[in-house]
Structure formats: structure tokens, C-alpha cells
Amino acid sequence: MGRLSIIKVILFILVKYLIFYIFMAFKNENTYLFNPGIRNEGDLFYYLWMFLSLPIIISILFSAAIYYLFKSKNTVVFILGILVFFVLEYFVYSYLASQTNKCNGVYNLIIGLVVFVLYFYRQISNILKR
């Protein structure tokens, strides 16, 4: 997917959280992600709710903003906007999912930055060349 689209932005958020959840599974030595023990539709719904609710909320809150930041003609606006996104996303994640351990938010932030740069490398390099 070379061209930027709102779908690519949403996929970035889903990929970022998948990598983050895998990281957290190893960090916490919790293999539930890999072997959820789904026995019926209720278990499947619970599993999907636990792992997709946060990426969906983040996608609803921020995907349009990220998409339009990439369309910005101003490099400073793009950089500041992306920084604001990551700061706000840190606070949303920390408030909704990890109020007691703020380090998880930092891990999420670092993974998010790395995935963001790798996922949007071509678009970022084009913006920074302007």
C-alpha cells in the first residue's frame, strides 16, 4: 500500500497495537493472546472486545486527523500535529487501559513511533523534503 489512504492509517493503528500486544504478552509472560481458549461465541466476542476496543477507539479519535496531517503543506504543522497525536494517544491509552502502570504507555509510545516511521517512511520523507 504505497498511497496514503484513511484505510492505511487505520491499518497502522491496528498493526501498532498488534505489535504492542505481542510485546506486552512477552513482557508480562502472559500467553492468553496466543492461546485464548475460545469455546463459544461469547468467548470470541470477549476476546475481540479485549483486543480490538482500544485500537478502534484510537482509530475513531485520530485516524482522520493523521490522514489530514499527511495532506498538510506545512512541514512544521505536520511534525507538531504528529507529536500532539502521540502525546494525546499516550494519555488516552494510559487513562483507558493502564492507569496504574504508566510505563506501559511509554512502551506503547515507543512502539508507536517506530511503527509509524517504518509504516509511513515514504510519506514522511516526502514531507520532510519540502
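Note that the coordinates shown come from a computational prediction; the quantities given were computed from them, not determined experimentally.
A continuous path of hydrophobic side-chain contacts links L83 to Y119 [ILVMFWY only; heavy atoms under 4.5 Å]. Under a hydrophobic-cluster definition in which Ile, Leu, Val, Met, Phe, Trp and Tyr are linked whenever side-chain heavy atoms come within less than 4.5 Å, directly or via other members, I57 and V84 are assigned to the same cluster. Under the 4.5 Å side-chain heavy-atom criterion for ILVMFWY residues, a single connected hydrophobic cluster contains both F120 and V77. Under the 4.5 Å side-chain contact rule for hydrophobic residues, V9 and V87 do not share a cluster. Clustering ILVMFWY residues whenever any of their side-chain heavy atoms sit less than 4.5 angstrom apart, transitively, puts V92 in the very cluster that holds I60.
Other residues sharing the hydrophobic cluster of L80, ordered by chain and number and joined by side-chain separations under 4.5 Å: V76.
In this structure, NZ on K73 lies 10.0 Å from CD1 on I127, to the nearest 0.5 angstrom. Summarising the geometry, atom CD1 belonging to I10 is positioned 12.5 Å from atom CD1 belonging to I58; distances are rounded to the nearest 0.5 Å. Separation of atoms CD1 (I82) and OG (S72) is listed at 10.0 Å; rounding is to 0.5 Å.
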Could you go through residues 48-55 and list every donor-acceptor pair under 3.5 Å that involves a side-chain atom there, pairing it with any protein atom two or more places apart or in another chain?
| unit_1 | atom_1 | unit_2 | atom_2 | d |
| --- | --- | --- | --- | --- |
| S53 | OG | W49 | O | 2.8 |

Under 3.5 Å, sequence neighbours excluded: what are the donor-acceptor pairs made by side chains of residues 61-70?
| unit_1 | atom_1 | unit_2 | atom_2 | d |
| --- | --- | --- | --- | --- |
| S63 | OG | S59 | O | 2.6 |

Report, one line per pair, each donor and acceptor closer than 3.5 Å where one atom sits in a side chain of residues 106-116; sequence neighbours left out.
| unit_1 | atom_1 | unit_2 | atom_2 | d |
| --- | --- | --- | --- | --- |
| N108 | OD1 | K16 | NZ | 2.5 |
| N108 | ND2 | Y17 | OH | 3.3 |
| N108 | ND2 | E89 | OE2 | 3.4 |

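The minimum heavy-atom distance between Q123 and R3, with the atom names listed, is NE2-C, 4.0 Å.
T75 contributes no side-chain N or O that, together with a main-chain N or O of L128, makes up a donor-acceptor pair within less than 3.5 Å.
Looking at residues two or more places apart in sequence or on another chain, you find no ring pair (Phe, Tyr, Trp, His ring centres under 6.0 Å) involving Y121.
Among residue pairs with one or both ends in residues 90-101, those qualifying as side-chain hydrogen bond (donor to acceptor under 3.5 Å, both in side chains) are S98-N104; sequence neighbours excluded.
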